[in-house]
Amino acid sequence: MEKKIKEKRKGLPELKVNPEKNPIFRFAPNPNGPLSFGHSRGIVINSEYAKKYNGKWILRFDDTDTVRKPPLKEAYDLIQQEVEWLTGKKADKVVIASDRIETYYRYAEELISQGGAYVCTLSAEEFRVFRKEKTNSPDRNRTPEDNLKLWKKMLNGEFSPGEAVLRVKTDMKLPNPALRDWPALRIQDTQKNPHPREEINSKYQVWPLLDFQSGIEDHLQGVTHIIRGKDLMDSTRKQTLLYEHFGWEYPETLYWGRVKIHEFGGFSTSGMRKSIDEGVFSGWDDSRLPTLASMRRRGFSPKALQNFWIELALTQKDISASMETIHAHNVKIIDNTSKRLFFVKNPIKLTLTEKILNIPQEFKTRIHPENDSMGSRKWDFKKGEITIYIEKEDLELAYINSNKIRLKDFADIEIDNCQASIISFNPSEKLPIIHWVERENSAEALLETVINNNLKLIHGRLESSIKIEIGSVVQLERIGYAKLEDKNKLIFLHD
RNA sequence: GCUCGAUUGGUGUAGUCCGGCCCAUCAUCUCGCCCUUUCGAGGCGAGGACCCGGGUUCGAAUCCCGGAUCGAGCACCA
C-alpha cells in the first residue's frame with residue numbers, strides 16, 4: 001500500500017523527459033516585426049523549461065514568407081535583444097530559416113526520391129476540390145524521376161507562383177482534411193518581393209512552408225520538446241506524417257490556448273507595422289501597443305512577465321486575462337525599490353505665508369515609506385514666504401473641506417484665495433492628504449500617458465530633491481508608477 | 001460542413017491519469033476592518049466555482065454515455 005502524496009503544483013507542470021539526454025526546446029517567431037506581448041509566453045515557457053531541466057533552447061526565425069508576412073530587417077536584432085531582456089540571457093542558439101533553404105531542398109529531394117512527395121501543378125482552388133472529394137490529384141501517380149525533373153523546373157524558375165507546389169504524400173482519405181497531401185514548398189516571386197536580408201534577397205524562389213521547414217529543422221536541431229499554441233495542432237499532425245516518411249521520431253509536443261488581454265484589442269504584427277508606417281503610432285514602443293518594446297520602455301520588470309506566464313502555466317484553455325494581473329505582478333517586484341516622489345499635474349500656484357504659523361527651514365521625508373535604508377529627501381526653504389504648487393483637482397478638494405487640506409508629510413494648511421498658511425504641523429483634523437511641491441525644489445516636467453487611447457503629455461512640476469537616474473522607475477505618490485525617460489520627462493507605467 | 005481540442009468563483013489556476021484526504025487550492029478581483037501623513041505597500045476577515053443531463057458506485061470535479069458552449073484547423077500564412 002503506497003501512500004500517494006498529493007502536492008500542490010506550483011509553477012510549470014512537469015514534462016516527460018528522457019533522463020539520458022538534456023532536452024532541447026525552441027521558440028520560432030516570424031521576424032516580421034519585434035515581439036508582441038503574446039510572444040513573450042513562448043519565450044518564457046520554453047526558456048523556463050530549458051532552465052528547469054538543464055536543457056537548451058533555440059531561437060529560430062521562421063522567415064519563409066516574403067510576400068504576405070515579409071520579414072522586417074531590423075527585427076532579427078531587436079528580437080534577440082528583447083529575448084535577452086526578458087530572460088536575462090541570450091538564446092542558447094539562433095537559427096535563421098532563410099539561411100537554410102538549401103538544406104530544406106535536400107530533404108525535399110530525398111522525399112521525392114522515396115516517392116514521399118510530388119510536384120502538383122493544380123492550382124490551390126483546383127486542389128481544394130480533390131481535398132474535399134477525397135480523391136487523388138492527377139499528379140499524384142508520377143514517378144519519382146518525373147517529379148524530380150519537375151522539381152528542377154521549379155528551382156529553375158520555369159513555374160510562376162501558384163503553378164506548381166511540392167506536396168507531401170499522405171492519404172487523401174484521411175478524416176482530417178487539413179492533412180491530405182499537404183503542401184511543403186511553394187514558389188514566391190522574390191524579384192517582386194525580395195527577402196529583406198541582403199544575403200538572401202532574390203536568391204531563391206522556391207520556399208518551404210512552415211510545416212515542412214519547421215518539421216525538418218526541429219529534427220536537425222535535435223529538438224526534444226515543442227511547446228506552442230494549439231492553433232498549431234494540425235501542424236503537429238502534418239509533421240508527424242512527414243516524420244513517418246523519414247523514419248524519425250516526433251518530439252514531445254505540448255500546447256497552450258489563446259490568450260486575450262482585456263485591454264488590448266486585436267493587434268496583428270502586420271497590422272501594427274502598417275499603422276506605424278502610416279503614423280498612427282509613434283513606433284513599436286508606443287505605449288498603446290501590446291509589444292514588448294512598449295512594456296520595456298514603460299518600465300515593466302521582465303520578472304513580472306515571467307511570473308505572469310508561469311502562473312498561467314500551460315493549459316489548452318482559451319484564457320482572457322487582464323492587464324491588472326500583470327500590473328499586480330509588476331508592483332510586487334518594483335514597489336520595494338521605487339523611490340517616492342511628488343509630481344503635481346496641472347499645478348496651481350499658492351503662496352505660503354506666515355500668517356498663522358512660521359514656515360520651518362526645511363522639509364524632510366522618507367524616500368520609501370517602509371525602506372528606511374533608502375534614506376530621506378529634503379527641501380530647504382527660504383525664510384518668510386515660499387511658493388508651492390498643488391493640483392487643480394486638489395484645490396477643489398480643499399474647497400469642500402472648508403478650505404483646509406493636508407500637505408503630505410508636512411502640515412495642514414488653510415487656503416484663502418491663492419494665499420495659504422500653516423495651521424498645524426500635526427494632523428489636526430481628518431483632512432484629505434495631498435502631494436505638493438515647492439518652487440525652488442521642483443522643476444517643470446512632462447508625464448507621457450495614454451488617455452482615451454491617445455498619447456498625452458501632461459505638464460506638471462516634479463520634485464527635484466533627489467537625483468533620479470534616467471531609466472529608473474519611481475512612484476509618483478497618489479498617481480502611480482512611472483519611468484524617468486529623460487531629464488524632466490516621465491512615462492507612465494501603471495497605477 | 002468536416003477534423004481537432006477545451007470547459008472548476010468576475011479573471012486565471014490546483015486537483016481530473018490512479019474516485020474517498022475536495023462542504024474544492026492559490027493568486028488576482030470586489031467589499032469590510034487594521035496599520036500607514038499616498039488613491040502605494042503590508043496585515044486581518046469576508047464574498048464567489050466543479051457547463052448541462054443521464055449512468056456506474058457505499059462514494060464522482062475526477063470514470064462511462066449523450067448534449068451544450070467556446071476555440072482552433074481545413075491557406076501555395078506563421
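Throughout, protein chains are lettered first and strands after them, A, B, ... in sequence-line order, and every chain is numbered starting at 1.
Between the side chain of Glu324(A) and the base of rG12(B), no donor-acceptor pair of N or O atoms lies under 3.5 Å. One cannot find a donor-acceptor pair under 3.5 Å joining the base of rU28(B) and the side-chain atoms of Glu311(A).
A straight line from CG of Asn193(A) to C1' of rC77(B) spans 14 Å, rounded to a whole angstrom. At whole-Å resolution of the value, CG in Asp218(A) and C1' in rA78(B) are 14 Å apart. Per the geometry, CD1 belonging to Ile261(A) stands 13 Å off C1' belonging to rU28(B), to the nearest Å. In this structure, Tyr255(A) atom OH and rG5(B) atom P are separated by 10 Å, rounded to whole Å. Across the protein-nucleic acid pair, Asn307(A) atom CG and rU13(B) atom P stand 16 Å apart, rounded to whole Å. Counting to the nearest Å, the P atom of rC29(B) and the CE atom of Met323(A) are 14 Å from each other. Counting to the nearest Å, the P atom of rU3(B) and the CG atom of Leu179(A) are 12 Å from each other. Atom NZ of Lys238(A) is separated from atom C1' of rC74(B) by 8 Å (rounded to the nearest Å).
Summarising the base pairing, rC4(B) is matched to rG71(B) through a Watson-Crick or G-U wobble pair whose two defining distances lie under 3.5 Å. In this structure, rC58(B) and rG20(B) make a Watson-Crick or G-U wobble pair, each of the two defining distances being under 3.5 angstrom. If you check rC31(B) for Watson-Crick or wobble pairing at under 3.5 angstrom, you find it paired to rG45(B). Nucleotide rU13(B) forms no Watson-Crick or G-U wobble pair with any nucleotide shown, as no partner meets the under 3.5 Å limit on both distances. For rU36(B), there is no paired base (Watson-Crick or G-U wobble, both distances below 3.5 Å).
A perpendicular orientation is assigned to the rings of Phe381(A) and Phe410(A), their planes being inclined by more than 60° (bins at 30° and 60°). Ring-plane geometry between His494(A) and Phe300(A) is classed as tilted, the angle between the planes lying from 30 to 60 degrees on a 0 to 90 degree scale.
Among the protein residues, Arg406(A) comes within range of the nucleic acid bases, having at least one heavy atom under 4.0 Å from a base atom. Among the atoms of the strands shown, none is found under 4.0 Å from any heavy atom of Val67(A). Within the nucleic acid shown, Asp231(A) comes within 4.0 Å of at least one base atom, counting heavy atoms only. At a threshold of 4.0 angstrom between heavy atoms, the contacts of Glu370(A) include nucleobase atoms, whether or not backbone atoms are also involved. Looking at heavy-atom distances under 4.0 Å, Leu185(A) makes no contact with the nucleic acid at all. Residue-level contact check: Thr64(A) touches the backbone only, with heavy atoms under 4.0 Å from sugar-phosphate atoms and none from bases. At the heavy-atom level, Thr315(A) lies under 4.0 Å from the strands shown only through sugar-phosphate atoms. Using a 4.0 Å heavy-atom cutoff across all strands shown, Phe410(A) reaches at least one base atom of the nucleic acid. In this structure, Gly257(A) reaches neither bases nor backbone, as no heavy-atom distance under 4.0 Å exists between it and the strands shown. Backbone-only engagement by Leu209(A) is indicated by non-hydrogen atom pairs under 4.0 Å involving sugar-phosphate atoms exclusively. Heavy atoms of Leu397(A) sit nowhere under 4.0 angstrom from any nucleic acid atom.
Distance from the side chain of Ala178(A) is smallest to rC74(B) among rC74(B), rU38(B), rU37(B). Proximity note for Arg340(A) (side chain, C-beta onward) versus rU38(B), rA78(B), rG5(B): the nearest is rU38(B). Of the candidates rU3(B), rC4(B), rA78(B), the closest approach to any side-chain atom of Asn176(A) belongs to rU3(B). Taking only side-chain atoms of Ala124(A), from C-beta outward, the nucleotide of rG40(B), rC76(B), rA78(B) with the closest atom is rC76(B). Minimum atom distance to the side chain of Gln316(A) is reached by rG5(B), of the listed rG5(B), rC39(B), rA41(B). Of the candidate nucleotides rG73(B), rU37(B), rG40(B), rG73(B) has the atom nearest to the side chain of Asp234(A). Here the nucleotide nearest the side chain of Pro369(A), chosen from rG40(B), rA14(B), rG71(B), is rG40(B). Candidate nucleotides rC4(B), rU3(B), rU37(B) were compared by shortest atom distance to the side chain of Asp409(A), and rU37(B) ranks first. Nearest to the side-chain atoms of Pro175(A) among the listed nucleotides rU3(B), rU38(B), rU28(B) stands rU3(B).
The side chain of Lys332(A) places no N or O atom within less than 4.0 Å of a non-bridging phosphate oxygen (OP1 or OP2) of rA27(B). Contact between the side-chain N/O atoms of Arg128(A) and the OP1/OP2 oxygens of rC74(B) is not found at any separation under 4.0 Å. Distances shorter than 4.0 Å separate none of the side-chain N or O atoms of Ser235(A) from OP1 or OP2 on rG73(B). Look at Arg68(A) and you'll find a side-chain N or O under 4.0 angstrom from OP1 or OP2 of rC77(B). Dashed line: the shortest gap from a side-chain N or O of Arg186(A) to OP1 or OP2 of rC77(B) is under 4.0 Å. Distances shorter than 4.0 Å separate some side-chain N or O of Lys317(A) from OP1 or OP2 on rU8(B). Taking 4.0 angstrom as the limit, Ser320(A) places a side-chain polar atom (N or O) nearer than this to OP1 or OP2 of rG12(B).
One P atom belongs to rC65(B), the other to rC70(B), and the distance between them is 23 Å to the nearest Å. The P atoms of rU7(B) and rC17(B) are separated by 13 Å, rounded to the nearest whole Å. The same atom, C1', is picked in rU13(B) and in rG48(B); the two are 15 Å apart, to the nearest Å. For the C1' atom pair drawn from rG9(B) and rA61(B), the interatomic distance equals 14 Å after rounding to whole Å. rG45(B) sits 38 Å from rA6(B) when the P atoms are compared, rounded to a whole Å. With P as the reference atom, rC22(B) and rG15(B) are 15 Å apart, rounded to whole Å. For the P atoms, the distance linking rC2(B) with rC64(B) amounts to 24 Å, nearest Å. When the C1' atom is used for both rU30(B) and rU11(B), the distance is 12 Å, rounded to whole Å.
In this structure, Arg100(A) forms no cation-pi arrangement with Tyr105(A), as its terminal cationic atom is not both closer than 6.0 Å to the ring centre and no more than 45° off the ring axis.
Put simply, the residue from Leu209(A), Leu210(A), Thr240(A) that forms a side-chain contact (heavy atoms from CB on, under 4.5 Å) with Ser235(A) is Leu210(A).
Two residues are said to be in side-chain contact when any heavy atoms from C-beta on lie closer than 4.5 Å; Ser98(A) and Arg197(A) meet this criterion. For the pair Lys483(A) and Arg298(A), the minimum side-chain heavy-atom distance is 4.5 Å or more.
A salt bridge does not link Asp318(A) to Lys260(A): none of the charged nitrogens lies less than 4.0 Å from a carboxylate oxygen.
Side-chain contact, Ser214(A) with Arg60(A): a donor N or O sits under 3.5 Å from an acceptor N or O.
The six-membered or imidazole ring of Trp151(A) lies away from that of Tyr118(A), with a centre-to-centre distance of 6.0 Å or more. Two rings, from Tyr76(A) and Phe61(A), have their centers less than 6.0 Å apart.
A residue-by-residue look at Pro29(A) and Asp394(A) shows that Asp394(A) has its nearest nucleotide of RNA chain B further toward the 5' end.
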